[in-house]
Amino acid sequence: MKTMRKEDRIINGLKELFDQNGYRYYKMRKFEEYSLYMENKNFLSSDRIITFNHSGKLLALKPDVTLSIVKNAKAYIGNTEKLYYHEGVYRYDRKSHEYKEINQIGLEVMGKIDITTDCEILSLALKALNKISDKYMLCISNTGIISGLFSHFEIQSLDIKNRIIHSIKEKSKHTLEAVLDEISISEEGKKMFFDLLIGRFPQIEETKSAADVLYNTLDFMYELGYKDKIKLDFSIINDLDYYNGTVFNGFIDGIPKVILSGGRYDGLVEKFGAKVDAEGFAIYLDDLLYLDESSEYDVDVLLVYDENASPVEVLKKAEKIISTGESVRMDSRVPSDIKFKRKETL
């Protein structure tokens, strides 16, 4: 049956996927205490937040789902919780200079995350992308690669770190070289950073642990049959104060931006006083509007009946079609604005 819009079918398919894998649906309020976001504003994509005063307490429309879940992190000590959500978040759009509600669906795991759980999350991310389109790619990295480089070259300045990260994200060798020249990195050292832009990682002691984890994970994902759908991309770098370990972005042909984003964020949970592992991802549903729906139809069967036909016969015919699992629209003429799979007459 194809009566729902493509976005609705995708959402239903994703919810079914998460349900089938034992994830519990998590519903949250639209707002939280403003302090939750201000104390963790570096984790947010923007510090512009919609606030209002209620009974003397400053509240905010939530700009992020993960923070709302993580604030209860202490409850996950000693067990592993697997959650999924479908929520709207409210963020400032720098292009339109307006606040917008962003529709997203995602999952979070908190508690104990071993290599099997890590592969499970990556597998679900890949399956989620496939629910949207069969033309997809998951790009994966590990934050330990860039943090290992910072440690190796004793780079302490937060400003320099952020500028290096920005240059690598933008895959701008020119900008990256300019920053490295400021701190007098050797030509050999520059090459280690430049290699990240072409998918190579530095063979140094400080990156060995992260590289081992990354390549072990990739080997398992290849065994699961995803070799053609997953690739290394060291330009994927999230805030090192929050993220550690595996990070990944998902892409769909026809959508000119990241459609899925996720990773390991133990550092964020620690800020809430809980020593547990945490990993998850979110899918940005509003970007599904980029997908071409020209091949979709509104209804399986258009049942066109003669005006003199018996209403009983028409309705019984429609019920018979519905009983086969197809959708049907009854009309005395062919509507100009309806797309249908096939037409039947009565």
Side-chain angles (χ1 to χ4, degrees), residues 6-26 65-66 80-86 103-110 113-145 199 201 210-238 243-265 277-288 290-292:
K6 175 173 282 189
E7 180 182 337
D8 294 328
R9 291 196 301 276
I10 290 171
I11 290 170
N12 286 348
L14 291 171
K15 288 181 176 180
E16 182 180 25
L17 172 66
F18 301 150
D19 280 330
Q20 288 172 339
N21 283 273
Y23 283 72
R24 180 170 63 88
Y25 182 66
Y26 187 88
V65 173
T66 300
T80 298
E81 185 67 89
K82 297 183 176 183
L83 309 168
Y84 79 90
Y85 60 84
H86 177 208
N103 195 19
Q104 64 182 45
I105 188 168
L107 60 79
E108 311 286 349
V109 178
M110 292 183 195
I113 298 178
D114 54 21
I115 186 66
T116 299
T117 308
D118 198 28
C119 289
E120 176 197 357
I121 293 169
L122 289 171
S123 177
L124 286 172
L126 286 155
K127 289 176 180 176
L129 290 170
N130 195 38
K131 290 283 185 183
I132 301 170
S133 169
D134 59 0
K135 298 177 181 179
Y136 65 91
M137 183 63 67
L138 189 72
C139 298
I140 182 174
S141 184
N142 189 298
T143 59
I145 302 296
F201 75 94
D212 287 346
V213 170
L214 181 57
Y215 279 97
N216 281 339
T217 302
L218 280 174
D219 285 342
F220 289 128
M221 298 311 296
Y222 292 164
E223 282 190 52
L224 289 168
Y226 292 114
K227 189 169 185 177
D228 295 333
K229 293 297 186 180
I230 191 168
K231 70 176 183 177
L232 283 175
D233 187 345
F234 294 119
S235 70
I236 303 172
I237 308 173
N238 294 330
Y243 287 91
N244 62 294
T246 303
V247 286
F248 49 92
N249 286 338
F251 299 88
I252 296 288
D253 277 5
I255 300 180
K257 55 176 69 177
V258 173
I259 189 73
L260 179 152
S261 179
R264 184 81 174 256
Y265 54 89
D277 304 332
E279 187 172 348
F281 63 80
I283 300 167
Y284 309 108
L285 298 169
D286 292 342
D287 294 328
L288 298 181
Y290 286 101
L291 293 175
D292 179 20

Check: Hey, are the side chains of Glu120 and Lys82 touching, using non-hydrogen atoms and a 4.5 Å cut-off?
Finding: yes
Checklist line | Taking every non-hydrogen atom, the tightest pair across Ala210 and Asn142 | finding: CB-OD1, 3.4 Å
Item checked: Between Tyr85 and Tyr25, ring centroids under 6.0 Å -> no
Notebook entry, point to check: Does a side-chain heavy-atom distance below 4.5 Å link Ile259 with Leu288?
Noted result: yes
Margin query: I want to check something: taking the side chain as every heavy atom from C-beta on, are Asp233 and Asn249 in contact at a cut-off of under 4.5 Å?
Written below: no
Item checked: 4.5 Å side-chain heavy-atom contact, Leu138 and Tyr226 -> no
Notebook entry, point to check: Which pair of non-hydrogen atoms, one from Leu218 and one from Leu232, has the smallest distance, and what is that distance?
Noted result: CD1-CD2, 3.5 Å
Check: Parallel, tilted or perpendicular: which fits the ring planes of Phe248 and Phe281, with parallel below 30° and perpendicular above 60°?
Finding: perpendicular
Note to self: Measuring from atom CG of Asp134 to atom CD1 of Ile252, what distance do you get when rounded to the nearest 0.5 angstrom?
What the structure shows: 9.0 Å
Item checked: Sub-4.5 Å side-chain heavy-atom contact between Leu285 and His86 -> yes
Next item on the list: Decide yes or no for Thr246 and Ile140: does some side-chain heavy atom of the first lie under 4.5 Å from some side-chain heavy atom of the second?
Entry: yes
Check: Which of these, Leu14, Leu17, Leu83, Leu124, sits in a side-chain contact (heavy atoms from CB on, under 4.5 Å) with Leu107?
Finding: Leu124
Check: Just wondering, do Ile132 and Ile283 contact through their side chains at under 4.5 Å, heavy atoms?
Finding: yes
Item checked: Tyr136 six-ring centre to Lys229 NZ/CZ under 6.0 Å and within 45° of normal -> yes
Checklist line | For the student: nearest non-hydrogen atoms of Ile113 and Val109, plus distance | finding: CD1-O, 3.7 Å
Checklist line | Within 6.0 angstrom of Asp228 CG, more than 12 heavy atoms from elsewhere | finding: no
Next item on the list: Could you grab the distance from atom CG of Asp118 to atom CG of Asn216, nearest 0.5 Å is fine?
Entry: 11.0 Å
Next item on the list: Find the distance between NZ (Lys231) and CE (Met137) and round it off to the nearest 0.5 Å.
Entry: 6.0 Å
Check: If you measure from CG on Leu224 to CG on Leu122, what distance do you get to the nearest 0.5 Å?
Finding: 10.0 Å
Note to self: Minimum heavy-atom separation for Cys119 and Phe220, please, with both atom names.
What the structure shows: SG-CB, 3.7 Å
Next item on the list: Please tell me if the side chains of Met221 and Leu126 come closer than 4.5 Å, counting only heavy atoms from C-beta onward.
Entry: yes
Checklist line | Pairwise distance NZ(Lys127) to CG(Asn130) - rounded to 0.5 angstrom | finding: 10.0 Å
Next item on the list: State, to 0.1 Å, how close Ile145 and Ala211 come at their nearest heavy-atom pair, and which atoms those are.
Entry: CD1-N, 4.0 Å
Next item on the list: Name the orientation class of the two ring planes belonging to Tyr265 and Tyr243 (parallel below 30°, tilted from 30 to 60°, perpendicular beyond 60°).
Entry: perpendicular
Note to self: Ring centres under 6.0 Å, that's the criterion: do Phe18 and Tyr84 meet it?
What the structure shows: yes
Next item on the list: Give the minimum heavy-atom separation between Arg264 and Ala278, together with the two atoms involved.
Entry: CD-O, 3.2 Å
